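Chain letters run A, B, ... following the sequence lines, proteins first, then strands; residues in each count from 1. Only a predicted model underlies this, so the values are computations on that prediction, with no experimental measurement involved.
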There are 2 protein chains.
Amino acid sequence: MLTDRQLLILRAIIDDYIQTAQPVGSRTLSKRDDLTFSSATIRNDMADLEDMGLIEKPHTSAGRIPSEIGYRYYVDHLVEKQMIDEQETGRLEERLRQSSKESEILIRQAADLLSDLTNYTTVALGPNSQMETLARVDFMPLDERRGVVLIVTDQGHVEHRTVMFESRVAPEVIEETIRLLNDRLVGTSIGQLKIRIGEEVARLQLAQRQQYENMMQLIQSTVGIQTPSSLYLGGKKNIFNQPEFQTLDTLRPFLEWIDEQDRLTHWLESLPNREIYVSIGSENGIVALQHCSVITSDYTLDGETFGTIAMIGPTRMDYRHGVQMMGQIIEALRRTKLDE
Amino acid sequence: MLTDRQLLILRAIIDDYIQTAQPVGSRTLSKRDDLTFSSATIRNDMADLEDMGLIEKPHTSAGRIPSEIGYRYYVDHLVEKQMIDEQETGRLEERLRQSSKESEILIRQAADLLSDLTNYTTVALGPNSQMETLARVDFMPLDERRGVVLIVTDQGHVEHRTVMFESRVAPEVIEETIRLLNDRLVGTSIGQLKIRIGEEVARLQLAQRQQYENMMQLIQSTVGIQTPSSLYLGGKKNIFNQPEFQTLDTLRPFLEWIDEQDRLTHWLESLPNREIYVSIGSENGIVALQHCSVITSDYTLDGETFGTIAMIGPTRMDYRHGVQMMGQIIEALRRTKLDE
DNA sequence: GATTAGCACTCGTTAAATATGAGTGCTAAT
DNA sequence: ATTAGCACTCATATTTAACGAGTGCTAATC
């Protein structure tokens, strides 16, 4: 167990290091207003903190820096859950309101805001349309052999795909197919749509099958395309200002990783957390993020569960500020109404 | 005017430098099989080439490197227009064919291919929908107060937007509005759509206006959103392998510039070239690209003019190979059929 | 007259030598 | 239990010297 003084010192080391990115020495600490002890006393406590694995030294004659365990302790015990600052949240809400009412744009705006607020890189993941349900299927002919299949979800998201017929198809057949699909499949989740269309085809009478099978399979292939959830990166250039990313060895893996959209999406989707969660350094389980920490949270828009937003910075990130800003953004998003 | 030997030397210097990224000295050149002269002779010619501004030296005791003027001369006189390699183009066409028939995906694939082929970064710009014309407008109700407005272009591209009504609108009014718009506006270019809707509203009888104005303005606002042409970046990480981008001073401006999607799109759209064009260093007129060269070309897909594709590398790029690969990709795209 | 060998000179790069100083751990005094 | 004092460590910065690739010029050669 830590003594009060050790706690004070640990906190001071981390706060200082977060600000300066320089190892913190005992003399520097003893000059702080909130630490009235001599540097020797502090040195003794620092040795203890090091034994406990909370801090470490880059080399013999340097000051101390927090270890991952130290950051973890700091986040768990020293970052108090802060109250929502009503005024600030209001301001954020206002800025979101002004940008747009289109959810896609709102989310981008939220990511940009969060990034501006913290100077870290943010990633926002939109709704995973696999979870939404079919509200309507429609078909728009373009010319004799081409047309656009439209799939609208209950959330108002639209997917479309241009299809070609191998030969001319009678308009009645198309109309009837669409009617059939609308009758039978509205309410089905998008993820299951492909399978369900297959089932419907199987259920057709032999006579009908000849007519409709082709058309339905065409639509089935349309649905088959996995529609990736929309991903948005905000403040990517912020990383350039972080002292720990001033060398290619650290910068390159990070940039290469974050530009890999599919992997990034998958990673965000795999995070199981509903509320604000902090993941530190190697806890991320990703080599490219071993010197980064991530604050993630699911968010709701206008009350409905929507997606995930993440903030990525060096392990030496300002957790207190980051967590607070994250809280305010998701609160502002929650309050944002999509309609007027 | 250049003597034959000077031409040979200039070519050798540029070829060598493109490969090694190291200043080329007279002794190195004299050891080449295609240069049979002594290093002293070569030195004399090099001095002449330098006087003409075609090559320069980084410092007194280094070899020579090509100047921008030198690269320009090289590209204009020393890179012969190469024939399309039928076999290779066929292979590319095959790989494109296999990926998809969706134009968006095809273009991404083309950019990735070009990037793999050359190890440079590529940018592909899809069709600018402003130029396409309206094929159909439609509306899909979602619930009492929400619906999706769909705009389909003659090329089969779809834009959609969810709209909210302030109060319930009679289905007949909606239907009639859509009918009206379809009657009057099909064939209008997307760029002009907003203005044209305004004109139609103005033309309404006073009685009708009350009914439809609201609805039409809602649709107008939908169209108003500038639909950015689709942009795709391929092989962004290739830049990390270029020796001239191993320092943050050069890397950072480049990465910051290329991540600015709007600016990038605008830049690509502003290029007036129909055929393959090479732009070297400061010719680009962009600070972030002052040490880069760009090979751009418009491309057609299945015969129809479609968009622009660009290849970005250091000024020390392999122009010969780059131009050739660019030619083959746009040829492969031209031959790719969208339907079967 | 064109080419080439020879040589002094330049200057960026690398390596070794040295100095600096922030910070530590330990011991003894308070 | 705390603190002053001091020897010791080690990354960083600075200086110096050695190195060598490449040049320009001159004089000899074809």
A.B. asks: If we call it a pair only when both distances are under 3.5 Å in a Watson-Crick or G-U wobble match, what pairs with D:dC30?
C.D. replies: C:dG1
A.B. asks: Is the B:W257 ring parallel, tilted or perpendicular to the B:W267 ring (thresholds 30°, 60°)?
C.D. replies: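 It falls in the perpendicular class, over 60°.
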A.B. asks: Below 3.5 Å, does any donor atom in the side chain of A:S61 face an acceptor in the base of D:dC10, or the other way round?
C.D. replies: yes
A.B. asks: Could you please name the partner base of C:dT30, counting Watson-Crick and G-U wobble pairs only when both distances are under 3.5 Å?
C.D. replies: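 Pair assignment: C:dT30 / D:dA1.
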A.B. asks: Using 30° and 60° as the class limits, which term best fits the ring planes of B:Y319 and B:Y71: parallel, tilted or perpendicular?
C.D. replies: tilted
A.B. asks: Cation over ring, B:R5 on B:F37, under 6.0 Å and within 45°?
C.D. replies: yes
A.B. asks: With respect to the phosphate group of D:dT2, does any side-chain polar atom (N or O) of A:S38 fall under 4.0 Å of OP1 or OP2?
C.D. replies: no
A.B. asks: Is it the case that C:dG23 (base atoms only) and A:R27 (side chain only) share a donor and an acceptor within less than 3.5 Å, ignoring hydrogens and angles?
C.D. replies: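 Looking at the base of C:dG23, it does not pair with any donor or acceptor on the side chain of A:R27 (distance under 3.5 Å).
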A.B. asks: A:S26 near the nucleic acid: base, sugar-phosphate alone, or nothing, with a heavy-atom cut-off under 4.0 Å?
C.D. replies: sugar-phosphate
A.B. asks: Please pick, from C:dC26, C:dT3, C:dT4, the nucleotide with the shortest atom-to-atom distance to any side-chain atom of B:F37.
C.D. replies: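 Nearest to the side-chain atoms of B:F37, counting from C-beta on, is C:dT4.
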A.B. asks: Using a cut-off of 4.0 Å on non-hydrogen atoms, how would the nucleic acid contact of B:A40 be classed: base, sugar-phosphate, or nothing?
C.D. replies: base
A.B. asks: Measure from the ring center of A:F245 to the ring center of A:F240 and say whether it is less than 6.0 Å.
C.D. replies: no
A.B. asks: Taking for each residue the nucleotide of DNA chain D with the nearest heavy atom, is it B:N44 or B:T28 whose nucleotide lies nearer the 5' end?
C.D. replies: B:T28
A.B. asks: According to the Watson-Crick and G-U wobble definitions, with both distances under 3.5 Å, which nucleotide is paired to C:dG21?
C.D. replies: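 The answer is D:dC10, by the H-bond criterion.
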A.B. asks: Among D:dT2, C:dG23, D:dG24, which nucleotide has an atom closest to any side-chain atom of A:T41?
C.D. replies: D:dT2
